[in-house]
Q: 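One structure is given below, represented as structure tokens, and several questions about it will come after.
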Amino acid sequence: MKNFYLSVLLLTVAFTGLQAQKSDPEAKKVLDAVSAKFKTYKAVQVGFLYSIEDAKGKVQSKKTGTLLMKGTKYKVTFGDQEIYSDGKTTWNYDKSAKEVTVNNVSSDANAFTPQKLFTSFYDKDFLYVLNGEKKVGAKTLQEIQLTPTDKSKAFHKVYLTVDKNAKTIQSTKILENGGNKISYTLNNMVTTVNPADASFVFDVKKYPGVEVVDLR
């Protein structure tokens with residue numbers, strides 16, 4: 001969970017068969033539309049299903065989680081992990097260890113956040129192509145294949161599925177170099193939430209006995 005927004009995606013990406021290492025303009029239109037739609041929301045709550053398959057296709061782990069976002073603030077709840085960020089400070093709470101690690105939010109413009117999964121993650125670091133679209137029930141889904149320009153990444157390919165009409169991300173499948181496949185499927189998105197700023201701050205007083213590791 002500590003790497004939720006590094007491996008997503010959040011967000012998040014790769015493909016083969018690119019000619020002259022150029023991105024597909026049709027894929028960019030889809031991604032730009034998703035980004036523009038997301039930026040109209042003041043706050044969003046997303047439920048997701050996370051799963052890991054090994055190289056043989058056997059499911060190793062399957063869990064559910066929630067992601068709450070407002071501006072630069074976010075909270076991720078996933079298994080025994082909770083991550084809070086108020087835009088300045090992050091708190092990574094491990095329930096099983098009763099420990100919370102505190103850090104400053106990175107000032108690096110390239111640092112990944114959950115918000116970037118839905119907006120600008122693809123602009124500079126990836127090449128992308130639109131594989132096509134298919135009907136699933138009442139939805140028309142478009143698949144985009146992306147590849148990181150940095151070949152030292154721990155993954156080599158990601159497939160992003162987008163709801164064509166809603167202009168929202170439906171799922172992300174990340175292919176790691178070791179053969180594992182990590183999938184995130186969004187099962188709901190609520191855009192009418194109005195969370196208080198306190199929702200994105202870890203209040204130590206509410207967790208008696210928790211050990212605080214302050215790395216600021």
Side-chain angles (χ1 to χ4, degrees), residues 1-12 31 34-52 61-122 160 162-163 166-172 174 182-216:
M1 188 58 239
K2 293 179 181 179
N3 294 321
F4 169 76
Y5 34 92
L6 295 177
S7 59
V8 143
L9 319 18
L10 202 214
L11 349 188
T12 292
L31 293 170
V34 170
S35 178
K37 180 71 173 293
F38 184 81
K39 288 176 180 178
T40 65
Y41 304 136
K42 292 183 178 180
V44 174
Q45 181 172 295
V46 178
F48 63 89
L49 173 66
Y50 163 88
S51 66
I52 299 179
S61 178
K62 184 177 288 188
K63 299 178 181 178
T64 59
T66 59
L67 169 61
L68 181 66
M69 295 173 282
K70 178 182 177 181
T72 60
K73 306 175 179 66
Y74 62 86
K75 177 185 176 182
V76 181
T77 303
F78 177 80
D80 287 334
Q81 297 286 331
E82 292 182 359
I83 300 176
Y84 300 74
S85 178
D86 63 357
K88 297 179 180 179
T89 305
T90 59
W91 296 263
N92 193 317
Y93 174 47
D94 187 331
K95 296 179 183 178
S96 59
K98 295 194 71 175
E99 177 183 280
V100 61
T101 303
V102 189
N103 273 297
N104 290 320
V105 170
S106 175
S107 58
D108 184 355
N110 294 320
F112 211 84
T113 66
Q115 285 86 347
K116 287 187 178 180
L117 170 63
F118 297 91
T119 54
S120 59
F121 73 91
Y122 57 90
L160 195 68
V162 173
D163 184 325
K167 296 180 175 57
T168 57
I169 295 174
Q170 295 292 290
S171 66
T172 301
I174 303 160
I182 301 176
S183 298
Y184 294 90
T185 302
L186 307 189
N187 48 45
N188 62 73
M189 178 183 289
V190 181
T191 60
T192 56
V193 293
N194 185 27
D197 289 345
S199 304
F200 306 98
V201 176
F202 183 85
D203 188 349
V204 178
K205 296 178 182 178
K206 295 181 179 179
Y207 299 84
V210 68
E211 180 182 355
V212 178
V213 180
D214 197 333
L215 302 179
R216 291 174 293 179

Q: What pairs with Y84 under side-chain hydrogen bond (donor to acceptor under 3.5 Å, both in side chains), at least two apart in sequence or on another chain?
A: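 For Y84 the side-chain hydrogen bond (donor to acceptor under 3.5 Å, both in side chains) partners, ignoring immediate neighbours, are E82, Y207.
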Q: With sequence neighbours excluded, tell me which residues meet salt bridge (Lys or Arg N to Asp or Glu O under 4.0 Å) with D214.
A: R216
Q: Just do the side-chain contact (heavy atoms from CB on, under 4.5 Å) check on L160 and L31 with the steps written out, would you?
A: CA-CA 10 Å; L160 195 68; L31 293 170; 3.7 Å; yes
Q: Could you pull out all residues at least two apart from K42 that satisfy side-chain contact (heavy atoms from CB on, under 4.5 Å)?
A: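 Counting only residues at least two positions away or on another chain, K42 forms no side-chain contact (heavy atoms from CB on, under 4.5 Å).
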Q: Let me see the working for D94 and Q81 under side-chain contact (heavy atoms from CB on, under 4.5 Å), right down to the final yes or no.
A: CA-CA 5 Å; D94 187 331; Q81 297 286 331; 3.4 Å; yes
Q: Among residues at least two apart in sequence or on other chains, which ones pass side-chain contact (heavy atoms from CB on, under 4.5 Å) with D203?
A: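 For D203, the residues satisfying side-chain contact (heavy atoms from CB on, under 4.5 Å) (neighbours in sequence not counted) are K205, K206.
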Q: Minimum heavy-atom separation for A43 and V193, please, with both atom names.
A: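 Of all heavy-atom pairs spanning A43 and V193, the closest is CB-O, 3.6 Å.
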Q: What is the distance from atom CG of N92 to atom OG of S85, rounded to the nearest 0.5 Å?
A: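 Rounded to the nearest 0.5 Å, the CG-OG separation comes out at 11.0 Å.
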Q: Measuring from D163:CG to M189:CE, what's the distance to the nearest 0.5 Å?
A: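 Answer for the CG-CE pair, D163 versus M189, is 10.0 Å.
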Q: Find the distance between CD (Q45) and NZ (K70) and round it off to the nearest 0.5 Å.
A: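 Nearest 0.5 Å value for the CD-NZ distance: 13.5 Å.
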Q: Out of curiosity, T172 OG1 to I182 CD1, how far, rounded to the nearest 0.5 Å?
A: 11.5 Å
Q: Taking everything shown except K62 itself, do over 12 heavy atoms lie less than 6.0 Å from its NZ?
A: no
Q: For T66 and F48, which heavy atoms make the closest approach, and how far apart are they?
A: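 So the minimum-distance heavy-atom pair works out to N-CE2, 3.5 Å.
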Q: Which pair of non-hydrogen atoms, one from M69 and one from F38, has the smallest distance, and what is that distance?
A: CE-CZ, 3.8 Å
Q: Tell me every residue that passes salt bridge (Lys or Arg N to Asp or Glu O under 4.0 Å) with D80, counting only those two or more places apart in sequence or in another chain.
A: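 D80 satisfies salt bridge (Lys or Arg N to Asp or Glu O under 4.0 Å) with no residue once adjacent residues are dropped.
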Q: Test side-chain contact (heavy atoms from CB on, under 4.5 Å) on F202 and T90; report intermediate values, then the result.
A: CA-CA 9 Å; F202 183 85; T90 59; over 6 Å; no
Q: Of the non-hydrogen atoms in F200 and K75, which two are nearest, and what is the gap between them?
A: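 What the structure gives for the nearest pair is CD2-N, 3.8 Å.
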Q: Go through F78 and L67 one step at a time and tell me if the side-chain contact (heavy atoms from CB on, under 4.5 Å) criterion holds.
A: CA-CA 9 Å; F78 177 80; L67 169 61; over 6 Å; no
Q: Compare all side-chain heavy atoms of L186 with those of T168 and state whether any distance is below 4.5 angstrom.
A: no
Q: List the residues meeting side-chain contact (heavy atoms from CB on, under 4.5 Å) with T64, not counting sequence neighbours, and say none if there are none.
A: L49
Q: Identify which one of V212, T101, V210 satisfies the side-chain contact (heavy atoms from CB on, under 4.5 Å) criterion when paired with Y93.
A: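 One option only clears the test, and that one is V210.
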Q: Would you find a donor on one side and an acceptor on the other, under 3.5 Å apart, between the side chain of K37 and the backbone of A166?
A: yes
Q: In Å and rounded to the nearest 0.5 Å, what is the CH2 to CG distance from W91 to N103?
A: 11.0 Å
